[in-house]
Structures are given as structure tokens and as C-alpha cells.
Protein chains: 2
Amino acid sequence: LLELSGINKIYKMGQIDLQVLFDISLHIYDADFVSIIGPSGSGKTTLLNIIACLDRPSSGIYNFFGENVGLKSNDEMSAIRNLRIGFIFQSFNLIPRHTALENVIMPLHYSTKFKNSNFKNLGLECLEKVGLSDRVNHYPNELSGGQQQRVAIARALVTNPEIILADEPTGNLDSKTSDDIMKLLKDLNMQGKTIITITHDNEVAEQASEIIRIKDGRVI
Amino acid sequence: LLELSGINKIYKMGQIDLQVLFDISLHIYDADFVSIIGPSGSGKTTLLNIIACLDRPSSGIYNFFGENVGLKSNDEMSAIRNLRIGFIFQSFNLIPRHTALENVIMPLHYSTKFKNSNFKNLGLECLEKVGLSDRVNHYPNELSGGQQQRVAIARALVTNPEIILADEPTGNLDSKTSDDIMKLLKDLNMQGKTIITITHDNEVAEQASEIIRIKDGRVI
Ligand SMILES: Nc1ncnc2c1ncn2[C@@H]1O[C@H](COP(=O)(O)OP(=O)(O)OP(=O)(O)O)[C@@H](O)[C@H]1O
Ligand SMILES: Nc1ncnc2c1ncn2[C@@H]1O[C@H](COP(=O)(O)OP(=O)(O)OP(=O)(O)O)[C@@H](O)[C@H]1O
Ligand SMILES: [Mg+2]
Ligand SMILES: [Mg+2]
């Protein structure tokens with residue numbers, strides 16, 4: 001499904017080159033549930049962004065359903081993301097001037113397959129799944145940290161994507177709410193979705209069928 | 001030291017009033033180490049912001065070292081914060097156009113007691129305590145989530161404040177880095193500083209000498 005071979009990532013910072021991913025090779029199969037764990041700064045988000053077609057590696061090959069992503073334009077990468085991937089950002093990336101509901105339904109606007117759907121109903125459904133039915137018209141700055149996180153989760157689910165990439169989805173959640181979110185992800189996995197989460201929470205990591213450990217930019 | 005009596009907080013949202021804190025009364029003493037725990041959305045950040053003089057209650061009395069904060073102007077509250085409180089925000093609040101080091105030393109500019117100090121040295125010292133000596137010139141968008149969190153922690157410590165208020169200080173950190181941060185806070189507590197943390201992490205909560213549980217805006 002998703003195949004990384006010899007992936008490197010180097011940031012050019014003026015006179016210095018900072019390499020953050022070294023020769024990463026991974027295979028992820030349909031309906032896998034993978035957890036990526038490792039120390040702060042070790043390269044997990046950088047790796048997930050490449051998997052999500054949000055960023056390009058400096059070298060190496062990334063095959064997405066058999067197609068070489070390196071040969072695609074930025075518009076093509078954007079189309080792949082909108083159609084097939086739901087992404088939950090570590091820092092949420094909510095739009096301040098839009099309500100929770102408006103934020104959740106935003107991906108529907110970019111997707112051709114939802115032209116005839118009721119956006120509001122799909123959005124309310126996803127907000128209900130994350131326990132936020134009573135906060136749909138709040139703006140991000142009128143929500144708690146964990147509520148903002150859950151809006152970001154709901155938004156990643158609204159297009160019913162085949163692949164869900166979750167960067168620290170429970171970092172701001174108490175253990176009960178965190179359990180609810182993990183149940184939700186497990187259900188989606190049972191329905192056949194491929195799930196990749198980055199997490200610092202061992203209980204979350206243990207829910208996965210496979211754990212990938214990263215240290216200093218390498219898979220160990 | 002810090003005394004809350006009958007604190008209520010109500011947000012006015014158009015036609016609706018949303019009450020998020022109900023009749024909260026607490027005493028916090030010098031050199032206490034307090035953890036505040038509770039579900040997402042229960043009112044913890046709202047409570048900590050009032051304790052920090054970042055926000056005002058809708059009703060009730062807040063005595064800060066025996067002085068009624070409700071009688072103080074916004075400038076006076078600001079002065080109290082700069083002089084006596086170090087605050088770690090749940091969403092970090094780093095300034096994007098400033099480097100890690102510049103962000104860390106910002107509170108020194110507002111404080112009269114550091115006029116003759118070497119700001120750069122104080123900043124580097126704090127960044128070293130949180131393990132970021134090799135990231136001092138990175139901008140926030142060139143840092144991982146956990147690195148941004150640690151810059152926010154370092155910034156809260158640079159003025160050597162008597163009171164440290166930490167809203168989810170380890171939410172984005174792996175367990176080893178999280179332990180390092182908790183050791184740092186315990187050391188500061190041993191030196192006589194008063195520490196109040198909000199946390200979803202039971203291991204962090206257990207480090208405190210006292211736990212305050214919040215549910216639906218009430219202390220339970
Ligand atoms: N400006 C605002 N206007 C309206 N409601 C608000 C506002 N700020 C916060 N709230 C609401 O107040 C409640 C408490 O928020 P608070 O941020 O204190 O929760 P919390 O306990 O810190 O949650 P978390 O663990 O998710 O960070 C939430 O239900 C939130 O939706
Ligand atoms: N734009 C950038 N320029 C330079 N360095 C960067 C940039 N973005 C990230 N880095 C560095 O790359 C390394 C990996 O960052 P990444 O965000 O992938 O870490 P992470 O494993 O997700 O960490 P965390 O658990 O703290 O979120 C970090 O050391 C970071 O400082
Ligand atoms: Mg990260
Ligand atoms: Mg909070």
C-alpha cells in the first residue's frame with residue numbers, strides 16, 4: 001500500500017545542513033494499525049508528513065498505492081490527500097475565524113465525491129463521535145485544548161478517508177476521553193481503514209498491531 | 001498565599017450564558033506542589049488563568065498574597081504576573097518571528113529586576129535545563145511539538161519566579177523527556193517555589209503533594 005525506501009530528509013539552514021531522517025524504509029499494508037513512537041525531536045512528525053504527501057523527502061522513493069509520489073506535482077499530491085487521507089495535526093491547525101462545525105466540514109468543499117451530500121449533517125455526525133455536539137458553534141478560541149484537538153480529529157474523519165494519519169491524537173485528553181478516541185480509531189480500523197498514529201502514550205501505542213520505533217531520525 | 005473564595009466564571013455568548021466555573025474555593029500555600037486533574041472541557045485552564053491573573057472571575061474573591069486581585073487594574077495584574085509568576089501555556093504561545101532563545105528571554109525585558117543581567121546567558125541556561133542547547137536559534141516552525149513545549153517551559157523559568165503555573169507541561173513529550181521536566185519542577189519546588197500543574201498524566205499528577213479534581217466546573 002504505502003512503501004518508503006531509503007527516505008532521507010535534510011533541512012538547509014543557512015550554512016548548515018540538518019539531517020533529520022536517515023535511510024528510512026517501511027511497508028504499510030491495507031488495514032494496518034501502526035503506532036510510531038520515539039523521543040521528542042526524533043523525526044516522527046517529519047516522517048508522517050512525508051507519508052501524508054504534505055512534504056517531500058530530500059532523497060529516497062515513496063510509493064503510494066504503487067505510484068511514485070516523487071513524480072507527482074504539488075497539485076496532484078494535494079488531490080491524493082483530499083481524496084484518500086485524513087490528517088490530524090499535532091498542533092491542530094484549526095482556522096480561527098470559523099466555528100468548530102465549519103472547520104470540520106472544510107475538507108468536504110475540496111472533495112468532488114461529496115458534491116450532493118449534506119455537509120452540515122456529515123459535520124454534526126463527526127462532532128458527535130468525538131463528544132462535541134454541544135460545542136458546534138464555538139470558535140477555536142472558545143474551546144478547551146482537548147476540545148480543539150477533538151475538532152481536529154472530527155475534521156480528519158468527515159470525508160470517510162481510507163487512511164487516517166494521527167499525530168499525537170490524545171496529547172491533550174484525559175484518560176477517559178482518550179479511551180473514547182482510541183475506540184473510535186479501532187472501530188474505523190475494523191471497518192478496513194489504515195491507521196497510523198504517532199503517540200507518546202504507551203496505552204495508545206499498545207492498541208496498534210505494529211509499533212515502529214524512531215530514534216535520532218532512524219528506525220530502530 | 002493564594003486564596004480563591006466562591007469563584008464563578010460565565011461566558012456571555014450572544015443570547016446564551018455559559019457558566020464554566022461554579023463556586024470554586026481553594027487555598028494554596030507557599031511551596032505547595034499541586035496538580036489539577038479532570039476531564040477535557042471541565043474548566044482547568046479557565047481556573048489556572050484566573051490564578052495567574054490572566055483572566056478575571058465573573059464573581060467571587062481572589063486574594064493573591066493577601067491582596068484582593070479584583071481591586072487591581074489590568075496593568076497591576078500584568079505587573080504581578082511579570083514579577084512573580086511563570087506561566088506555561090497549554091498551546092505554548094511562542095512568537096513565530098523570534099527564535100527559541102529570543103522567545104525564552106522575552107519576560108526579562110518586562111521585568112525591572114533584571115536590568116543589569118546578561119539576558120543571553122540566562123536564556124541559554126534555561127534552554128539547557130530543558131535539553132534544547134542545540135536548538136537555540138531555530139524558529140518555532142523549525143521545532144518539533146515537544147521542542148516548542150520545552151521552549152515554553154524554559155521561558156516560564158527565566159525570571160526565576162516564585163510561582164510556576166504549568167498547563168499540561170508534558171502533553172507532547174515522550175516519557176523520558178517528561179520525567180526530566182518533572183524532575184526539574186520538583187527541584188524548583190525543593191528550592192521553595194510554588195508549583196501548580198494541570199495534567200492528564202497520572203504519573204505527573206502523582207508527583208504533587210496535593211491533587212485537586214475538577215469536574216463540570218466544580219471541585220469534587
Ligand atoms: N471564550 C470562551 N467562550 C465560551 N466558552 C469557553 C471559552 N473558553 C472556554 N470555554 C468553555 O469553557 C469550558 C472549560 O474550558 P477549559 O479550557 O477551562 O477546559 P479544560 O479543563 O482546560 O479542558 P482541556 O483538558 O481540554 O484542556 C469548555 O467547555 C470550553 O468550551
Ligand atoms: N523546518 C525545520 N527546519 C529545521 N529543523 C527542523 C524543521 N522542522 C523540524 N526540524 C527539526 O527536525 C527534528 C525532527 O522534528 P519532528 O517534528 O519530526 O520531531 P518529532 O519526533 O515529531 O518530535 P515531538 O515528539 O517533539 O513532536 C527536530 O529536531 C526539529 O528541531
Ligand atoms: Mg511531532
Ligand atoms: Mg486546558
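Residue numbers begin at 1 in each chain, while the letters A, B, ... track the order of the sequences.
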Subject >> Residue selection (most heavy-atom pairs with chain A, distance under 4.5 Å) from B:Thr45, B:Asn202, B:Leu173 >> reply: B:Leu173
**OP:** May I ask you to name which of A:Gln149, A:His138, A:Lys176, A:Gln147 has the most heavy-atom pairs under 4.5 Å with chain B?
**Re:** A:His138
Subject >> B:Asn74 and B:Arg56: side chain donor to acceptor below 3.5 Å >> reply: yes
Original post:
For A:Glu168, is it the side chain, the backbone, both, or neither that has a heavy atom closer than 4.5 Å to a heavy atom of chain B?
Top reply: side chain
Original post:
If you measure only the distance, is there a donor-acceptor pair under 3.5 Å linking the side chains of B:Asn8 and B:Ser59?
Top reply: yes
Subject >> Atom group of B:Glu142 that falls short of 4.5 Å from chain A, counting heavy atoms >> reply: side chain
Original post:
With only heavy atoms counted, which part of A:Thr177 is less than 4.5 Å from chain B, the side chain, the backbone, both or neither?
Top reply: side chain
Subject >> Which atoms of B:Ser40 approach chain A - backbone, side chain, both or neither, heavy atom under 4.5 Å >> reply: both
**OP:** Spell out, as yes or no, whether a donor-acceptor pair under 3.5 Å connects the side chain of A:Gln19 to the backbone of A:Ile10.
**Re:** no
Original post:
Within a radius of less than 6.0 Å around CD1 of B:Ile80, do more than 12 heavy atoms belonging to other residues, nucleotides or ligands occur?
Top reply: yes
Original post:
Does B:Asp55 pair with B:Lys9 as a salt bridge, N-O distance under 4.0 Å?
Top reply: yes
**OP:** Indicate whether the side chain of B:Ser133 and that of B:Glu128 have a donor and an acceptor atom separated by less than 3.5 Å.
**Re:** no
Original post:
Heavy-atom distance under 4.5 Å to chain B: side chain of A:Leu18, backbone, both or neither?
Top reply: side chain
**OP:** Taking atom types as modelled, find out whether B:Ser35 and B:Thr199 have a side-chain donor-acceptor pair closer than 3.5 angstrom.
**Re:** no
**OP:** Could you have a look at B:Ser42, B:Ser178, B:Ser144 and say which one has the most heavy-atom pairs with chain A under 4.5 angstrom?
**Re:** B:Ser144
**OP:** Heavy atoms only, distances under 4.5 angstrom: which of B:Ser175, B:Ser91, B:Gly43, B:Gly146 has the most pairs with chain A? Name it, please.
**Re:** B:Gly146
